[in-house]
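Worksheet: one structure, shown below.
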Amino acid sequence: MKIKMKNGSIIESGFEEELGKSAFRHTTAHILAQAVKRLYPNTKCAIGPSIAEGFYYDFDFDFHFSEENFPEIEAEMKKIVKENLQLKHFTADRQKALQMMTERNEIYKTELLNELPENEEISFFQQGEYLELCAGPHVAYTSAIKAFKLLSVAGAYWRGDEKNKMLTRIYGTSFPSEKQLEEYLNRLEEAKRRDHRRLGKELGLFTLFEEGPGFPFFLPKGMILKNLLIDYWRRLHTREGYVEISTPVMLNRQLWETSGHWEHYKDKMYTTLIDGADFAIKPMSCPGGMLVYKMEPRSYREFPMRISELGLIHRNEKSGTLHGLMRVRCCTQDDAHIFMTPEQIQDEIKGVAHLIDEVYSSFGFKYHVELSTRPENSIGSDEDWDMATNGLKNALEDLKLPYVVNAGDGAFYGPKIDFHLEDSIGRTWQCGTIQLDFQLPQRFEAEYIAEDGNKHRPIMIHRVVFGSIERFIGILIEHFAGKFPLWLSPVQVKILPISDKYIAHAKEIETTLKKEGLRCELDERAEKIGYKIRAAQLERIPYMLIVGEKEVQANQVSVRKRDEGDLGSMPLEQLLEALRREGAASPV
């Protein structure tokens, strides 16, 4: 596939390569814009980039636009593809560029141009009559775009600023073949069936109310799931030598100024006044952890000091970004901070990486790793950043973990390793992270007495495994489609008496199961057994025990398994042994 670059050069790149995919979908966004301008000439164009799974374009329509307009637009896009229009690149000075965009009444393009330096050389791409202010890259001809689909419509403020006009954002995707497009659309349908918001409601796990947008409510079964994850997390961390603390949810402005959050993160923080002084609800737990560290003199003999915290944090996320449990304003972050000497950096990073690997493997996740480097708004010296970045690189190489560099995406206080897990339908989610920090110990003047008897600054690791309990639960719901493994199922066994006269015997079975530590429920409703079985299947219960006259007389239970159906009758002890073998308890 020939790709036309900003400088007009032509290079070869396949769709499977990032450059090729970006150019392909960026070109599709231009085809969309050209189709829109042909059909609705008064429409004003804003921006239209490629994104991870496709592309979008923002428009200012002079009428109410909806997905009902998609067929008309897609038909026009197909015409443009058949026209085999060449994407021609040229440049112009700013004055000429402003003239061209003003003549076309493209007010959003002219706004962007007015912010550029006067001597800036402006890049354009043109296909047929359609002219676009754009740096590229693009495919050479529109005929390369073999398969595309418009997917949805959303509102988007111009330049992401709520003070600006709300534009109409059209999302779409494209592929080199109809087969690839069909496979992608099938994955989208599967993702809809697995949507954690729908399943969370159906399974009685969590809910969201208008009275608290972005603040999830966990229901009884959801609390069982959440507590199972927390119990698992605690056992792992106890085994690995962590001690657990809990720090306040709100602390004063001085602390956040010392940590750098007041300067670098204040727009995401909720603030209030207490006794006339500024306070902030914590968006992360590390500054409170620093106070705990500084409570008393520390010695190198205490290192590595591993301190964990299930911190309740709040972040002022924009309403348009909220999404079930995946993006919330309040969550429980499974944080931990490790204080250590420089000589301990490699081993501690590797220890955390092994822990993250163990957790993800226990849920059946594959993952890949990214090294995120220094961002523009960072704090600290070049020397510290080089040392921290090299420390992470060396640990990854020692572990023989392949990684890609995510340039400029580190935290403001240090570089980080991000773990992106892959779910059962191929989607990736960023969860675990390891951040190496030389800055907070300096800003808080943290010290320890080294082996030489002098005071030194400790090195600090920030790390999470789940990321947040809430988001990890959302991922698990979709990964398993609500069919949690036995140890993680809020209800492991459902007892289904055929009629009322078998309830007493069913309660005896329930008592036996609960003594074994199993989570079970008894369906006492006056419904037919077929109805009860279907209800239990919809609840994704791993095991269903049917109790009727035959079972009572034989002192057995008829067992149905969620994905295997009828397993036949067996003594209760035989079932219990099978549940033990399957791992009804936590993997740790």
Side-chain angles (χ1 to χ4, degrees), residues 25-83 85 100-114 125 127-134 142 145 147-174 181 184-185 188-189 191-192 195 197-198 208-211 213-214 317-324 326-327:
R25 287 170 170 165
H26 194 175
T27 304
T28 318
H30 280 211
I31 293 171
L32 165 63
Q34 184 175 12
V36 165
K37 291 292 285 186
R38 283 184 177 182
L39 294 168
Y40 321 112
N42 293 331
T43 301
K44 297 174 178 61
C45 297
I47 58 172
S50 64
I51 54 177
E53 295 293 327
F55 61 89
Y56 70 77
Y57 209 111
D58 291 345
F59 298 100
D60 185 356
F61 291 101
D62 60 359
F63 64 94
H64 175 68
F65 185 90
S66 72
E67 292 183 14
E68 292 179 0
N69 299 99
F70 280 1
E72 183 179 33
I73 295 174
E74 288 177 337
E76 191 64 37
M77 290 174 69
K78 288 177 182 176
K79 290 179 184 177
I80 293 167
V81 169
K82 286 183 179 179
E83 289 170 19
L85 301 174
M100 289 188 291
M101 291 296 101
T102 301
E103 287 173 354
R104 289 165 171 78
N105 196 26
E106 294 291 4
I107 58 174
Y108 300 101
K109 308 291 187 185
T110 56
E111 180 180 325
L112 295 173
L113 286 167
N114 279 321
F125 276 85
Q127 56 199 53
E129 81 286 358
Y130 180 72
L131 179 65
E132 177 71 273
L133 170 67
C134 177
T142 59
I145 313 301
F148 57 84
K149 180 73 175 174
L150 301 184
L151 299 172
S152 62
V153 174
Y157 292 107
W158 166 234
R159 309 187 84 168
D161 189 336
E162 295 174 4
K163 296 176 184 177
N164 291 335
K165 185 172 183 179
M166 177 72 79
L167 304 179
T168 299
R169 176 168 294 179
I170 300 176
Y171 285 97
T173 194
S174 58
L181 176 61
Y184 175 77
L185 294 177
L188 281 186
E189 286 303 310
K192 287 179 184 177
D195 192 318
R197 294 166 297 180
R198 178 178 64 81
L208 291 155
F209 292 108
E210 291 181 2
E211 291 83 351
E317 303 286 359
K318 291 183 178 180
S319 58
T321 67
L322 299 176
H323 181 75
M326 304 302 195
R327 181 62 70 90

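Because only heavy atoms are used, hydrogens play no part in the values below, and waters and symmetry mates are left out as well, while side chains stay in. Please read these numbers as outputs of a predicted model, since none were measured by experiment.
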Item checked: Aromatic contact, Tyr57 with Phe59 (centres under 6.0 Å) -> yes

Notebook entry, point to check: Stepwise, does the side-chain contact (heavy atoms from CB on, under 4.5 Å) test hold for Phe61 with Val36?
Noted result: CA-CA 10 Å; Phe61 291 101; Val36 165; 3.7 Å; yes

Item checked: Counterpart residues, salt bridge (charged side-chain N to carboxylate O under 4.0 Å, His left out), relative to Arg159 (two or more places apart) -> Glu111, Glu115

Next item on the list: Taking salt bridge (charged side-chain N to carboxylate O under 4.0 Å, His left out) as the test, write out the residues that go with Lys37, two or more places apart.
Entry: Glu106

Check: Met101 versus Leu131: any side-chain heavy-atom pair under 4.5 Å?
Finding: yes

Check: Does a salt bridge link Arg25 with Glu53, judged by any charged N lying under 4.0 Å from a carboxylate O?
Finding: no

Next item on the list: Check salt bridge (charged side-chain N to carboxylate O under 4.0 Å, His left out) between Lys192 and all other residues, then give those that pass, not counting sequence neighbours.
Entry: Glu189

Margin query: Can you tell me how far apart OG1 (Thr28) and CG (Leu150) are? Round to the nearest 0.5 Å.
Written below: 10.0 Å

Next item on the list: Tell me, please, which residues at least two apart from Tyr108 pass side chain to side chain donor-acceptor pair (under 3.5 Å).
Entry: Asp60

Next item on the list: Report the distance from atom CD of Glu74 to atom CG of Leu32, rounding to the nearest 0.5 Å.
Entry: 9.5 Å

Next item on the list: Carefully, step by step, assess Asn69 and Val153 under the rule side-chain contact (heavy atoms from CB on, under 4.5 Å).
Entry: CA-CA 10 Å; Asn69 299 99; Val153 174; over 6 Å; no

Notebook entry, point to check: Quick one: salt bridge (charged side-chain N to carboxylate O under 4.0 Å, His left out) partners of Arg38, sequence neighbours excluded?
Noted result: Glu76, Glu83, Glu129

Next item on the list: Identify, with sequence neighbours excluded, every residue that meets side chain to side chain contact (heavy atoms under 4.5 Å, CB included) alongside Thr102.
Entry: Thr110

Notebook entry, point to check: Is the backbone N or O of Gly214 less than 3.5 Å from a side-chain atom of Glu317, with the two atoms forming a donor-acceptor pair by type?
Noted result: no

Next item on the list: Give the minimum heavy-atom separation between Ala154 and Tyr171, together with the two atoms involved.
Entry: CB-CE1, 4.1 Å

Check: Salt bridge between Asp161 and Lys163, side-chain N to carboxylate O under 4.0 Å?
Finding: no

Check: In chain order, what residues pass the ring pair (Phe, Tyr, Trp, His ring centres under 6.0 Å) check against Tyr130, with sequence neighbours excluded?
Finding: none

Check: What orientation do Phe63 and Phe65 show, parallel under 30°, tilted 30 to 60°, or perpendicular over 60°?
Finding: tilted

Next item on the list: Apply side chain to side chain donor-acceptor pair (under 3.5 Å) to Thr43 and list each qualifying residue two or more places apart in sequence or on a separate chain.
Entry: none

Next item on the list: With sequence neighbours excluded, tell me which residues meet side chain to side chain contact (heavy atoms under 4.5 Å, CB included) with Glu162.
Entry: Tyr157, Lys318

Note to self: Using 0.5 Å steps for rounding, measure from the CG atom of Asn105 to the SG atom of Cys45.
What the structure shows: 11.0 Å

Next item on the list: Please identify each residue that fulfils ring pair (Phe, Tyr, Trp, His ring centres under 6.0 Å) with Phe70, with sequence neighbours left out.
Entry: none

Next item on the list: Give, for atom CE of Met100 and atom CZ of Arg104, the distance between the pair rounded to the nearest 0.5 Å.
Entry: 7.0 Å

Check: In Å, rounded to the nearest 0.5 Å, how long is the span from CD of Gln34 to CD1 of Ile73?
Finding: 13.0 Å

Note to self: Would you say that Leu185 contacts Leu151 through its side chain, given a criterion of any heavy-atom pair below 4.5 Å between the two side chains?
What the structure shows: yes

Item checked: side chain to side chain donor-acceptor pair (under 3.5 Å) against Thr142, all qualifying residues, sequence neighbours excluded -> none

Margin query: Can you confirm whether Thr173 sits close enough to Leu188 that some side-chain heavy atom of one is under 4.5 Å from a side-chain heavy atom of the other?
Written below: no

Check: Of all heavy-atom pairs between Ala46 and Leu167, which one has the smallest distance, and what is that distance?
Finding: CB-CD1, 3.7 Å

Note to self: Is the shortest side-chain heavy-atom distance between Lys44 and Lys109 below 4.5 Å?
What the structure shows: no

Margin query: Can you confirm whether Glu103 is buried at CD, in the sense that more than 12 heavy atoms of other residues, nucleotides or ligands lie under 6.0 Å from that atom?
Written below: yes

Next item on the list: Using the test ring pair (Phe, Tyr, Trp, His ring centres under 6.0 Å), find all partners of Phe148 that sit at least two apart in sequence or belong to another chain.
Entry: none

Check: Does some side-chain heavy atom of Leu208 sit less than 4.5 Å from a side-chain heavy atom of Arg197?
Finding: no

Checklist line | Side-chain heavy-atom pair Gln127, Glu132 within 4.5 angstrom cut-off | finding: no

Notebook entry, point to check: Going from NE2 on His26 to OG on Ser174, what distance comes out if it is rounded to the nearest 0.5 angstrom?
Noted result: 11.5 Å

